Structure formats: structure tokens, C-alpha cells
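Any value given below was found using the heavy atoms of this structure, including those in side chains, with hydrogens, waters and symmetry copies removed. Bear in mind the structure is a predicted one, so any value in this text is a computation, not a measurement. Here is how names work: the chains are called A, B, and so on, in the same order as the sequence lines, proteins then strands, and each is numbered from 1.
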2 protein chains.
Amino acid sequence: MADLETRNLRYFVAVAEELHFGRAAERLGIAQPPLSRAIKRLEARLGVELLARSGGRVTLTEAGEVFLRESRRALDAVAAAAHRAVRAGRGARRLVLTMKPGGDAGLLPAILAAYEAMPGALPVEIMAGAGDRSAPLRDGRADVGMLHSPYSDLEGLDAESLLVERQVVLLPTGHRLAARPWVRLSDLRGETMPPWPSRPVGSIAGQNVIDVGQLMQLIALGRTIAVVPESVRDVMRQDGVVCRPVLDAPPTTVVLAWQQDNCSTAVAAFVRAATEVAVRAAASPPAGVPATADA
Amino acid sequence: MADLETRNLRYFVAVAEELHFGRAAERLGIAQPPLSRAIKRLEARLGVELLARSGGRVTLTEAGEVFLRESRRALDAVAAAAHRAVRAGRGARRLVLTMKPGGDAGLLPAILAAYEAMPGALPVEIMAGAGDRSAPLRDGRADVGMLHSPYSDLEGLDAESLLVERQVVLLPTGHRLAARPWVRLSDLRGETMPPWPSRPVGSIAGQNVIDVGQLMQLIALGRTIAVVPESVRDVMRQDGVVCRPVLDAPPTTVVLAWQQDNCSTAVAAFVRAATEVAVRAAASPPAGVPATADA
DNA sequence: CGGGCCGATACCCTGAGGGTATGGCGGACC
DNA sequence: GGTCCGCCATACCCTCAGGGTATCGGCCCG
């Protein structure tokens with residue numbers, strides 16, 4: 001069982017995700033034949049068939065499924081090694097927090113204040129950006145992240161729930177559903193919806209959704225509608241947009257997540273600060289963010 | 001930040017462990033100059049100095065410490081990907097248990113019986129061997145392991161304590177301390193002791209200690225003495241060897257450990273079986289393995 | 001039965017990475 | 001303080017892993 005290079009893993013992950021050698025090769029920036037060879041060699045080295053090429057279809061074998069999951073984890077670990085070392089070398093210890101802009105449900109200021117009041121608190125750097133917010137946690141670019149539970153993949157991360165929210169749909173004022181006090185998911189069939197939870201940042205009619213403000217504009221213009229956690233309503237208001245509860249949408253949870261094996265005391269302190277703030281917020285919710293009524 | 005290959009990590013880990021390019025190169029089976037170049041390139045790619053070469057001394061920088069830890073973890077993850085995929089491909093789902101022979105404190109038969117009585121239990125394969133028993137857990141060759149707490153490195157593993165044991169010293173009958181009812185650690189200064197907890201399997205006067213039986217023989221022959229958890233006494237008796245409690249030796253804990261991110265139900269079931277057995281054993285200890293008296 | 005899609009094979013070629021020889025710098029010892 | 005020695009860095013060469021192009025072969029579909 002010779003040494004597996006990360007290149008082998010990257011190649012396999014690409015093929016496993018595309019289930020198509022040609023597209024995977026293109027994504028990797030190489031030609032298809034070397035990729036075929038590489039995968040074949042990989043299978044030979046492991047002594048296991050990872051992909052079933054039965055005619056025009058490529059599918060993952062059971063071993064391939066396992067190897068895909070483990071490979072992703074291993075690649076994350078390699079990336080984390082690099083990022084953590086760089087951050088350690090750049091001196092200036094910091095705690096990096098990753099989040100979607102506006103995704104903190106208004107909790108962040110209080111959490112930051114609580115954390116920074118703790119003895120030995122590090123400066124907190126906020127890393128806001130589009131795309132999958134859990135990736136920076138896995139690959140070591142961030143220490144903690146505010147994620148949204150059903151949307152983000154928490155596999156391999158530790159997490160603490162901060163807040164459970166209902167979801168609302170954002171509609172332009174002139175929309176056919178805007179007159180109703182509430183809607184159901186079935187009412188939204190056939191509407192243009194941004195693929196909010198999907199992995200690559202979604203595009204609506206060619207426009208990339210990169211921040212909540214832009215999304216609001218698009219809604220006001222009648223180009224799309226969106227289902228979002230109700231706290232977004234308070235963070236970002238926009239004329240021409242109304243929100244209506246979606247009764248049967250599953251509730252979202254704002255979770256604070258971090259890498260499982262992270263033994264840093266700074267992360268532990270931040271998590272403690274955040275949960276304390278969350279408990280307090282649940283007890284006495286700020287105006288505009290009503291607590292979920294007891295059943 | 002170009003792709004880091006596992007080769008880079010392996011090379012760095014070797015140098016970081018040896019703190020000597022020449023020895024590290026020898027260990028890796030390559031010459032020293034390519035190794036120097038590789039490390040230098042690695043540092044250039046990361047943009048961080050990992051090693052401080054100040055005169056004849058090589059030391060790790062702070063970033064190097066971080067990178068060493070993370071690199072080990074990443075290499076384990078890569079190895080785990082390979083092993084898990086192979087095991088998944090070989091069909092025949094099994095639960096692999098790693099342990100030091102005789103290191104189960106007599107708990108194993110009951111644990112196996114309890115686990116196998118559970119619905120959906122997999123066949124258990126026992127992987128006994130010398131060396132570091134936590135490595136197979138990290139690199140995916142084993143699912144669960146019985147480790148000994150102060151001796152095995154549990155970093156990055158989840159673990160459940162099964163049993164806390166006092167330690168005893170094994171002496172040849174003719175030994176100067178054999179006449180005493182108990183000893184203290186200070187009495188053992190200067191004695192020939194196998195480096196039991198050390199990473200490479202220790203050698204006593206050129207003999208590799210590979211199993212408990214051999215160790216017993218060596219003790220009976222007066223070649224060495226050993227401090228071991230008291231349950232070893234019951235698993236393996238030998239004429240010519242007596243055991244005496246070591247009053248001030250730290251107690252050892254038999255722990256059941258597994259990879260943190262392992263979400264397999266089989267592992268969960270095994271852990272549950274083991275803890276139940278351990279609780280029962282603590283309540284009514286079998287003859288010969290007295291429970292630790294309440295303080 | 002023919003065309004097109006897609007993975008596998010054949011063959012070449014480039015460059016990353018390994019080897020040998022040697023330089024250069026520090027520390028140690030007399 | 002000079003010399004020696006240990007050890008990492010540099011210089012230079014060479015080999016082969018891995019990438020590219022061209023093409024084959026099997027499968028599906030019309």
C-alpha cells in the first residue's frame with residue numbers, strides 16, 4: 001500500500017463528484033486520459049474497485065462512497081495544516097469567525113461583547129463571504145462559524161445551537177401572495193427561487209447572489225422571491241418587500257460550529273460566551289425578534 | 001498556496017521529529033540534499049518559516065509546532081481513507097478491535113459476549129500487536145481500541161473509561177524488593193525497566209519485548225522488572241515472578257477509544273456494550289480483580 | 001447499422017524530484 | 001584563535017512519474 005498523494009485524492013474526489021471523467025478532468029485542468037490512468041492506478045494500489053464503469057454510466061461502488069467521504073476529510077485536514085501553520089506563523093493570534101453576512105440573527109454584537117470581556121480574549125476577525133460557510137472551518141481558515149443548521153453540512157464539526165427560528169418568505173409588495181397573512185410551501189411551487197442552500201452560490205437569471213442586500217433588491221424588482229430565517233427581516237429591511245411566515249417550512253437553527261478536534265481555549269471561551277448570550281436572548285428577546293411561542 | 005502533497009507532510013514530519021536533516025533523510029530513504037530542498041520549498045510555498053536552523057541546532061518554530069501537529073493529523077486522515085476504503089471494498093463488514101495482548105484486564109470476554117448479543121452486531125476481529133496501539137485507530141485500520149490511559153496518546157480520539165487500576169511491580173522471586181509487602185517508585189530507581197510506554201517497542205538488552213509472556217520470562221530470569229497494571233497479574237502468571245503494589249505509581253485507566261468522527265452504529269453499539277460491562281464489573285468484581293476500595 | 005459519446009490504450013515529452021559532489025557556516029576543542 | 005568537524009545549503013546531472021495528443025473500442029440510440 002504505497003503512499004497516497006493528495007493529488008490522487010483530489011482526482012478521485014473530482015471524478016466521484018462529477019461521475020464523468022471528461023468533466024472531472026476539465027475541472028482539474030488536465031486532460032482526460034491521464035485522469036483515467038490515475039484513477040486506475042489508484043484502484044490498483046488500493047486493490048479495490050472504487051468506480052463502476054458500466055457502459056456510459058459511472059457510479060460509485062460502496063468502497064468508493066467510503067473513499068469519497070474519507071478523501072474529503074483528508075483533503076480538509078491537509079488544507080487545515082497549511083492554513084493553521086500560516087496563521088500561527090503570521091504571529092498575531094486571532095480568532096477567525098466565518099459567517100454569512102446578516103446570518104447572525106442579531107446575536108453577534110452581544111456575543112462579541114461577551115467574549116471580549118473575558119480575560120485573555122483574542123481579537124476576533126470576521127470573515128464574511130459567500131459560498132459554503134462550513135468549508136473555512138474544515139480547512140482551518142476559520143476557528144468558529146455561525147452556520148444555519150439544515151443548510152450547512154455539519155458533518156465532522158462540533159456545534160452548539162444558539163437560536164431556533166421560523167422561516168418567512170420575502171415577496172415583492174405586488175406579489176399574488178403578498179395579500180395573504182401567511183403561506184405554505186405548496187403555495188411557492190413554480191416560483192423563481194434562489195438556490196439558497198446549494199453549494200455553489202446560486203445564480204438567478206445570470207445574477208450571482210452574493211449578499212442579502214442584493215437579494216432584497218432583486219425581490220423588490222420582482223425577479224425572485226426567497227425563503228429565509230425570520231431574523232433576516234430585522235437585519236435588512238427594504239421598501240417594496242414584505243415578509244410572510246411560511247407555516248410549514250422547517251425551522252432553521254443558527255448554530256455556532258467549530259472543528260471537532262480544536263482544543264484551543266479561545267474557541268472554548270467563544271463558544272461559552274455565545275451560548276450564554278443565546279440563553280439570555282431566548283429569555284428576553286429584543287424587540288422585533290419574538291421568541292418562538294411555547295407550544 | 002499551491003497543492004500540498006502528502007510527501008511534503010511526510011518529509012516535514014520526519015525532520016520535525018528527528019530535528020536533524022541527515023537522520024530524517026535516512027529514515028525517509030532519500031538523500032539529505034533533496035530533503036533540504038523539499039523543506040525549503042515547503043516553507044516558501046506556505047510563506048512561513050517552520051524550522052529555525054541556528055547553527056548546528058534545528059528547532060521548530062511556533063508555526064512549525066502547529067504544522068507538525070496538523071500534518072500528523074492529515075497523514076492519519078489520508079491513511080484512514082485508504083484503509084477504510086479497502087475494508088469497505090473487501091465486503092464482509094467487521095468491527096476491528098485493537099489491543100495489547102493481555103491489556104483488557106479480563107473485561108474482553110464479557111464485552112464481546114454483550115456486544116454479540118446485540119441485534120445487528122458485526123463479527124469482531126481482534127487485532128493484537130506490538131507498538132503504539134492508538135495508531136491503527138487514527139489511520140483507519142481499526143474501529144475501536146482498548147488503550148491504557150496515561151500510556152497511549154488519546155489526542156484526537158474519543159474515549160470511554162472502563163476501569164481504573166493500580167499498578168504493581170513484577171519482580172523475580174529472588175529480588176531484593178520481593179520480600180517487602182509493597183514498594184514505592186523511589187525504590188525502583190536504577191532498576192532495569194522496559195520502556196513500556198514508549199513509542200517504539202522497547203528493547204531490553206537487545207531483546208524486543210513483543211508480548212507479556214516474553215516479558216514474564218525475562219523477569220523470571222532476572223533480566224528486568226516491570227511496572228504494570230494489576231490486572232496483568234491475573235491474565236498471565238509465571239513461576240518465579242511475584243508482584244507487589246507500587247503505592248505511589250499513578251493509577252492506569254483502561255479506556256475504550258475510537259476515532260472521533262466515526263459515526264458508525266457498530267462502534268456506538270460496541271462502546272455501549274463495553275461500558276455496561278465495565279459498570280457491572282465495577283459493581284461486582286470477579287475473583288482476583290479486587291475493586292479499588294472506596295477512599 | 002451507423003454515428004456519437006465516453007472511457008481506455010499507445011506513445012511521446014517535459015519537469016519535479018532524487019542522487020553525487022561540494023561549499024559554507026558555527027561550534028567545539030585544544 | 002586556529003583548526004577541525006558536523007551539518008545544512010548549493011550546484012549540477014539524470015531518471016521516471018505524470019501530463020499531452022492521437023486513436024481505439026464498447027455502449028446506447030436513432
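With rounding to whole Å, A:Glu18 atom CD is found 15 Å from C:dG7 atom C1'. Between the C1' atom of D:dG6 and the CZ atom of B:Arg53 lies a distance of 17 Å, rounded to the nearest Å. Here D:dA9 presents its P atom at 12 Å from NE2 of B:His20, a figure rounded to the nearest Å. One can place CD of B:Glu43 at 12 Å from C1' of D:dC8, the figure rounded to the nearest angstrom. The interatomic distance linking A:Ile39 (CD1) with D:dG19 (C1') rounds to 15 Å, in whole Å. Across the protein-nucleic acid pair, A:Leu19 atom CG and C:dC5 atom C1' stand 16 Å apart, rounded to whole Å. Regarding B:Leu50, its CG atom lies at a distance of 16 Å from the C1' atom of D:dC8, rounded to whole Å.
Applying the salt bridge (Lys or Arg N to Asp or Glu O under 4.0 Å) rule to A:Arg27 yields the partners A:Glu17, A:Glu18; only residues at least two apart in sequence or on another chain are considered.
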field: Candidate pair A:Leu50 and A:Leu42, rule side chain to side chain contact (heavy atoms under 4.5 Å, CB included), full reasoning
entry: CA-CA 9 Å; A:Leu50 300 171; A:Leu42 175 62; 3.9 Å; yes

query: How far apart are the C-alpha atoms of A:Thr6 and B:Glu5, what are their side-chain angles, what is the distance that settles it, and do they pass the side-chain hydrogen bond (donor to acceptor under 3.5 Å, both in side chains) test?
result: CA-CA 5 Å; A:Thr6 60; B:Glu5 290 297 326; 3.2 Å; yes

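Checked against A:Asp143 for a side chain to side chain donor-acceptor pair (under 3.5 Å), the options A:Arg84, A:Gln259, A:Arg87 give a single hit: A:Arg87.
Each end of the helix from C:dC1-D:dG30 to C:dC30-D:dG1 gets its own axis, taken as the rotation carrying the C1' atoms of four end pairs onto the next four within a five-pair window, and the two axes meet at 30° to the nearest 10 degrees.
For the pair A:Ser36 and C:dG7, the criterion of a side-chain N or O lying under 4.0 Å from OP1 or OP2 is not met.
Applying the 6.0 Å contact sphere to CD of B:Gln32 captures more than 12 heavy atoms from other residues, nucleotides or ligands. Within a 6.0 Å radius of CD in B:Glu26, no more than 12 heavy atoms belonging to other residues, nucleotides or ligands are found.
For the atom pair CZ (A:Phe67) and CZ (A:Arg72), the distance works out to 12.5 Å, reported to the nearest 0.5 Å.
Counting only distance, with no hydrogens or angles, the side chain of B:Thr61 and the backbone of B:Glu49 share a donor-acceptor pair below 3.5 Å.
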statement: In B/S/- notation (B base, S sugar-phosphate only, - none; protein heavy atoms under 4.0 Å), nucleotides 16-22 of chain C written 5' to 3' is -SBBBB-

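Ion pairing between B:Asp3 and A:Arg10 holds under the 4.0 Å rule for side-chain N and carboxylate O.
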